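Everything on this sheet refers to the single structure shown next.
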Amino acid sequence: MAAGTTTRRRTAALLGAAAVLLPLLTVTTPASAAPAAPGRAAPEKAAPIVLGHRGASGYRPEHTLESYELAVRMGADYIEPDLVPTKDGALVARHENEIGGTTDVADRPEFADRRTTKRIDGRNVTGWFTEDFTLAELKTLRAIERLPDIRQHNTIYDGLYQVPTLQEVIDLAKRLGRQHRRTVGIFPETKHPTYFRSIGLPLENTVIATLKRNGLDHRDGRAIVQSFEPTSLRMLDKGLKVPVLQAISTAGAPYDTVANGQGPTYADMVTPAGLKEIGTYADWIGPEKSRVIPLKADGTLGTPTPLVRDAHAAGLKVSPYTFRNENQFLPADLRNGTAPGDYGKALKEYDIFYRTGIDGLFSDNPDTAIIARTAFLKSRS
Ligand code: G3P
Ligand code: CA
């Protein structure tokens, strides 16, 4: 039986990471989940956790130690490394294995001949790929801002920071935890796991071994693993005790489903039956935020779907992605002006989502996520 499964089933009542971290949050007043029944105290709902998405990627080039450290200093409960492998099998933090848009590799003549086109998850992708570089070679590169048009201010850091390994992210989380006298969790995600398995660089065993070696294989919430692909999550669940999150996109199907010709689409996953199935290997879902509150045809925010309620009924916690301050990523009615990179009414968006009963959220701007959480918790106390 899967290492995590026995405890997972026992933990429909598991308060999970949020409960572990609750005393350590800036605001410790728990949100009330439901009105008190006569003669009974109101049940307490743990405060939603804030996940520093790719670190504090609204303020630093994503997936760098500097981005993660800033997220922690801003109060993020977790930092979130996406994981891809190098040629020699090291796990490094990048959202994509193609690194032309997030490093200075295109300006390195010594690597010009590594530029190539590959088929990744059914798409042709041209550029430079982590699996064609040794870790030592990758360490000579420097990170650049992925969204320079939207986050021009972050380009000031271009060329300064390295691509970190998973081990370095863990070491950072431990060091910052000691420094700030609180738990700093990590939330690693396997990227393109079917593809990497197909080229002989599977991710899962290395994730399992690394978490075990670092004493993180527990259900105490210091580490939670995630992926879009259920096959990868089932492997991680089998090898680890840590909680598991199933990421759920806006449309389509995870690539393992596409490759195998069977398995759930993302639409299947958000049905009650799909959520029940996810509950056999996972503890959380991480839906794209429009699956919690869709946009209307005019781009303004609509009304919540039953997803949070249905997920909770299936014993799953819910942490939607991705919250960002800029107009480009906000509903039309929460923008300030029309410039895509200007900040909109992000605090309002957080507040609306916290009120749906979510258990956490992924944010590029952990400071604003926490400011909004503080106000939300105060309003509920
Ligand atoms: O699991 C939620 C989140 O990590 C997915 O976002 O940025 O990795 O595509 P992203
Ligand atoms: Ca991610």
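Atoms within a ligand are numbered from 1 in the order they appear, just like the ligands themselves. Remember, it's a predicted structure, so these values are computed and weren't measured experimentally.
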Among non-hydrogen protein atoms, atom 6 (O) of ligand 1 lies closest to H53 NE2, 3.5 Å
Atoms of ligand 1 under 4.0 Å from any heavy atom of D82, numbered from 1 in the order shown, are 8 (O)
Counting from 1 in the order shown, the ligand 1 atoms closer than 4.0 Å to a non-hydrogen atom of F228 are 5 (C)
Ligand 1 atoms nearer than 4.0 angstrom to some heavy atom of H95 are 7 (O), 8 (O), 9 (O), 10 (P)
Any side-chain heavy-atom pair from T194 and R197 closer than 4.5 angstrom? yes
Looking only at protein heavy atoms, what sits closest to atom 1 (O) of ligand 1 is Q226 OE1, 2.5 Å
With rounding to 10 degrees, E189 OE1, the Ca ion (ligand 2) and E80 OE2 define an angle of 100°
In this structure, atom 7 (O) of ligand 1 is nearest to the protein heavy atom R54 NH2, 2.5 Å
Looking at D82, the N/O/S atom that lies nearest to the Ca ion (ligand 2) is called OD1
May I ask you to check whether Y195 and Y255 place their ring centres under 6.0 Å from each other? no
Side-chain heavy atoms of R324 within contact of R151, under 4.5 Å: yes
Quick note on ligand 1: atoms under 4.0 Å from a heavy atom of K191 include exactly 8 (O), 9 (O), 10 (P)
| task | Could you tell me whether a side-chain N or O of R114 sits under 3.5 Å from a main-chain N or O of F129, the two making a donor and an acceptor? | result | no
Worksheet item: Under the 3.5 angstrom rule, does the side chain of R335 hit a backbone N or O of D342 as a donor-acceptor pair?
Response: no
The atoms of ligand 1 lying under 4.0 Å from a heavy atom of E80, numbered in the order shown, are 3 (C), 4 (O)
| message | I'd like to know if K87 pairs up with E131 as an ion pair, taking the criterion as any Lys NZ or Arg NE/NH1/NH2 lying under 4.0 Å from an Asp or Glu carboxylate oxygen. | response | no
Ligand 1 atoms nearer than 4.0 angstrom to some heavy atom of A247 are 1 (O)
* Asked: Can the ring centres of F329 and F323 be said to be less than 6.0 Å apart?
  -> no
Got a list of side-chain donor-acceptor pairs under 3.5 Å for residues 244-254, not counting sequence neighbours?
residue: Q246; atom: OE1; partner: Y281; partner atom: OH; Å: 2.6
residue: Q246; atom: NE2; partner: F228; partner atom: O; Å: 3.0

